[in-house]
Amino acid sequence: MHPTPCYKEKWFYQWKNTINPAECMNARAFAWQIYAAGGKGGLLWNTIYCGTRKKVFNPWENPTGLYDSAYPTIIYPPYQGKGKAVPTQRAWLIRDGIEDYELLALAERKIGRKKVIERIKPFIKDPFTWTNDPAVRDQVRAKLAEAAE
């Protein structure tokens with residue numbers, strides 16, 4: 001019989017990274033969700049995804065990857081084998097989300113978690129409810145940046 005697990009950290013699996021305009025805020029809200037739930041990080045399964053073995057696609061010819069879900073594609077391979085890997089819009093959204101999390105952690109060190117949770121409520125009410133309005137998120141970020149100074 002195994003002892004009861006003693007989990008020390010909460011990690012969230014599969015960072016949301018869609019660029020669908022109706023769901024775009026998911027990629028940015030995910031870091032806020034992790035913070036609101038007391039999580040320590042988010043994991044992304046893959047960085048380059050060009051279909052399945054049966055249906056491979058060239059991301060330079062089909063950047064949306066409509067053969068399968070293109071959500072995991074956040075870095076394109078070098079064009080025609082030359083140059084460097086190219087980040088996608090999804091990569092930028094994830095990077096911005098990571099910066100959001102860092103801002104939340106900085107503000108927490110200055111004013112405490114309870115006050116940060118109160119200040120983020122206009123954008124994210126709980127780990128499962130947020131507004132899809134980037135202006136609201138930006139206003140909350142500005143207040144957090146002020147608090148973190």
S.K.: Quick one: pull up CG in Leu104 and CD in Glu99 and give me the separation to the nearest 0.5 Å.
M.R.: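 Atom-to-atom, Leu104:CG and Glu99:CD are 12.0 Å apart.
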S.K.: Specify the closest pair of heavy atoms between Leu103 and Ala148, including all atoms of both residues, with the distance to one decimal.
M.R.: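 It is CD1-CB, 4.2 Å.
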S.K.: What's the shortest heavy-atom distance between Gly39 and Tyr101, and which atoms?
M.R.: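 Heavy atoms only, the tightest pair is O-OH, 2.8 Å.
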S.K.: How long is the straight-line distance from CZ of Phe30 back to CD1 of Ile124, given to the nearest 0.5 Å?
M.R.: 10.5 Å
S.K.: Using 0.5 Å steps for rounding, measure from the OG1 atom of Thr129 to the NZ atom of Lys121.
M.R.: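 If we round to the nearest 0.5 Å, Thr129:OG1 and Lys121:NZ are 11.0 Å apart.
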S.K.: Mind listing the closest non-hydrogen atom pair of Gln33 and Phe128 along with its distance?
M.R.: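 The answer is NE2-CA, 4.4 Å.
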S.K.: Are any side-chain N or O atoms of Arg113 and backbone N or O atoms of Ala36, one a donor and one an acceptor, separated by less than 3.5 Å?
M.R.: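 Here the side-chain-to-backbone pair exists.
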S.K.: Checking side-chain contact (heavy atoms from CB on, under 4.5 Å) for the pair Val140/Arg119: CA distance, chi angles, key distance, verdict?
M.R.: CA-CA 7 Å; Val140 170; Arg119 290 190 184 186; 5.6 Å; no
S.K.: For residues Glu118 and Pro122, report the shortest heavy-atom separation together with the two atoms involved.
M.R.: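 Heavy atoms only, the tightest pair is O-CD, 4.2 Å.
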S.K.: Just verifying a value: how many Å separate Arg137 CZ and Trp130 CH2, rounded to the nearest 0.5 Å?
M.R.: 13.0 Å
S.K.: Nearest 0.5 Å, what's the CH2-CG distance between Trp32 and Asp126?
M.R.: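 Going from the CH2 atom of Trp32 to the CG atom of Asp126 covers 14.5 Å.
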S.K.: Would a single hydrophobic cluster contain both Leu106 and Ile98, if residues Ile, Leu, Val, Met, Phe, Trp and Tyr are joined by side-chain heavy-atom contacts under 4.5 Å?
M.R.: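 Different clusters: Ile98 never reaches Leu106 through Ile, Leu, Val, Met, Phe, Trp or Tyr contacts under 4.5 Å.
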S.K.: Under the side-chain hydrogen bond (donor to acceptor under 3.5 Å, both in side chains) test, which residues partner Gln139, sequence neighbours left out?
M.R.: none
S.K.: Under 4.5 Å between any side-chain heavy atoms of Tyr35 and Val116, yes or no?
M.R.: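 Answer yes - side chains close enough.
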